[in-house]
Amino acid sequence: MKPVETQIKHGDCLEILKDYPDNFFDLIVTSPPYADSRENTYGGVKPDQYVEWFLPRSEQFLRVLKPSGTFILNIKERVVNGERSTYVIELILELRKQGWFWTEEFIWHKKNCYPGKWPNRFRDAWERCLQFNKTRKFQMYQEAVMVPMGDWAKTRLKNLSDTDKIRDTSDVGSGFGKNVSNWLNRKKAYPTNVLHLATECFNRNHSAVFPEALPAWFIKLFTREYDWVLDPFLGSGTTCKVAQTINRNSVGIDILPENYELAQKRTITTQYKMLEEEAEYETDFTAGNH
Ligand SMILES: C[S@@+](CC[C@H](N)C(=O)[O-])C[C@H]1O[C@@H](n2cnc3c(N)ncnc32)[C@H](O)[C@@H]1O
């Protein structure tokens, strides 16, 4: 099997991406540093400066993404002075002005979010995964993320009404219709835009690691084998590790040396394995076995 390439880079993604050509990546999936009113480990991007900080970087993302590609932004606004900050909403509006289409919003529901008590709100158990595109026609491989039909089939499909058996056109004039009986005897259905995934504690020193299943889901949905995936805020290396596992080429960038090293370690085992595979491949090739 042809080996995949994994490039782990150290530096500011704004600068590193200048080395990459236009229209190179098939998917960008990332979780940027959160805006924080405290001084933080990334040098402290303040909520009111967040959009200004983000836009030059997203301009690079727009340039390096293929027209058929997708950008998934995992982000959540913080609570500052008892109020939700508005920087995510402002960022969406500015990204649209920059030339992005805001195609969809997925919700990552954190299934195992820990208990807590706050005087004015409940525990926060979800984050946004915003989908942006360069064009309205982007690659999407929906069959790759189908889910088992589950109990819905047993209950709902057993009691079909008359309208369920014909195509029921939407009342709101959207042009969409549904025919529930179409799903009879099918084992799999398309998923919803809510992803129920447990958080993972791969590294307690790295506070904002996302679970492997999160980038994996988007990589499967928006790319094929050997496509190129970018995570410009790589952190502990989750995206590149997953990309390697499911045979996608990837580039990951992080500004902190410790994260760069951690990401390298997390992906190196697979890199070594692939080098061995490559050596075998070459041996086979020279032996005329192909
Ligand atoms: C929320 S964390 C990413 C966590 C990652 N998804 C994971 O699973 O480990 C954001 C990362 O962005 C990095 N970062 C902040 N500013 C950056 C920049 N300008 N260029 C590249 N990386 C940056 C931080 O060092 C941090 O590791």
Side-chain angles (χ1 to χ4, degrees), residues 6-20 25 27-47 49-65 71-78 85 87-88 91 106 108 110 112 124 126-131 195 197-219 229-246 248 250-268 270:
T6 309
Q7 301 175 6
I8 310 288
K9 304 275 181 178
H10 175 217
D12 187 337
C13 57
L14 178 65
E15 297 308 318
I16 302 278
L17 283 176
K18 291 180 183 162
D19 296 336
Y20 286 84
F25 291 99
L27 172 69
I28 302 173
V29 56
T30 199
S31 162
Y34 290 115
D36 207 334
S37 41
R38 296 166 297 160
E39 273 308 300
N40 66 20
T41 46
Y42 324 121
V45 189
K46 300 253 187 339
Q49 292 160 6
Y50 198 78
V51 174
E52 201 186 323
W53 173 84
F54 199 90
L55 286 178
R57 290 167 180 85
S58 54
E59 199 180 319
Q60 283 298 318
F61 305 163
L62 189 64
R63 184 185 64 76
V64 296
L65 187 69
F71 170 30
I72 298 292
L73 181 61
N74 167 220
I75 198 164
K76 177 78 188 243
E77 48 278 85
R78 284 276 159 100
S85 269
Y87 60 86
V88 177
L91 184 62
F106 295 88
W108 165 24
K110 300 173 177 183
N112 59 341
D124 200 352
W126 65 274
E127 290 190 13
R128 301 166 187 273
C129 291
L130 302 169
Q131 179 189 343
L195 312 181
L197 304 173
T199 51
E200 275 168 26
C201 245
F202 153 74
N203 180 351
R204 286 177 199 281
N205 296 327
H206 198 288
S207 55
V209 173
F210 52 33
E212 289 183 11
L214 189 78
W217 196 80
F218 289 110
I219 291 173
V229 177
L230 167 68
D231 189 338
F233 305 105
L234 184 62
S236 63
T238 315
T239 303
C240 288
K241 186 188 169 221
V242 170
Q244 277 187 335
T245 314
I246 54 177
R248 270 61 166 184
S250 65
V251 175
I253 308 169
D254 205 281
I255 201 161
L256 288 183
E258 58 270 33
N259 288 349
Y260 163 72
E261 276 160 30
L262 179 60
Q264 270 200 323
K265 278 197 202 117
R266 228 177 143 193
T267 48
I268 206 153
T270 332

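Order of listing sets the numbers, starting from 1, for every ligand and every atom in it. Owing to the predicted nature of the structure, the values given are computational and were not obtained by experimental measurement. Residue numbers start at 1 and run along the sequence shown. When reading the values below, keep in mind they use all heavy atoms of this one structure, side chains included, and skip hydrogens, waters and symmetry mates.
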Exercise for the section: Kindly write out the residues that satisfy salt bridge (Lys or Arg N to Asp or Glu O under 4.0 Å) with R63, not counting sequence neighbours, or none if the list is empty. Expected result: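 Testing R63 for salt bridge (Lys or Arg N to Asp or Glu O under 4.0 Å), a comparison that skips the adjacent residues, returns D22.
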Proximal ligand 1 atoms for [X], defined as those under 4.0 Å from one of its heavy atoms:
X    : value
G11  : 20 (N), 21 (C)
R57  : 19 (N)
S236 : 7 (C), 8 (O), 9 (O)
P232 : 21 (C), 22 (N)

Exercise for the section: Tell me which part of N259 gets within contact of ligand 1: side chain, backbone, both or neither, using heavy atoms under 4.0 Å. Expected result: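 The side chain, only.
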Practice task
Report the part of L234 in contact with ligand 1, treating N, CA, C, O as backbone and CB onward as side chain, heavy atoms under 4.0 Å; options are side chain, backbone, both, neither.
Solution key: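 Contact part for L234 vs ligand 1: backbone (N, CA, C, O).
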Exercise for the section: Taking D254 for its side chain and G235 for its backbone only, find out whether a donor-acceptor pair lies under 3.5 Å. Expected result: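 Here the side-chain-to-backbone pair exists.
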Handout entry: Ring centres under 6.0 angstrom apart (F210, W108)
Key =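 Here the rings of W108 and F210 have centres that are no less than 6.0 Å from each other.
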Exercise for the section: Output yes when the distance from some N or O of ligand 1 to some N or O of C13 is under 3.5 Å, and no in every other case. Expected result: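 Right, the criterion is met.
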Exercise for the section: For ligand 1, find out whether one of its N or O atoms is nearer than 3.5 Å to an N or O atom of V209. Expected result: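 Not met; the criterion fails.
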Practice task
Decide whether Q244 and T6 meet the rule of one side-chain donor and one side-chain acceptor closer than 3.5 Å.
Solution key: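 There is such a pair (donor and acceptor under 3.5 Å, judged by atom type) between the side chains of Q244 and T6.
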Practice task
For K110, enumerate each residue passing the side chain to side chain donor-acceptor pair (under 3.5 Å) test, keeping only those at least two apart in sequence or located in another chain.
Solution key: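 Partners of K110 by the side chain to side chain donor-acceptor pair (under 3.5 Å) criterion, ordered by chain and then number, come out as E127.
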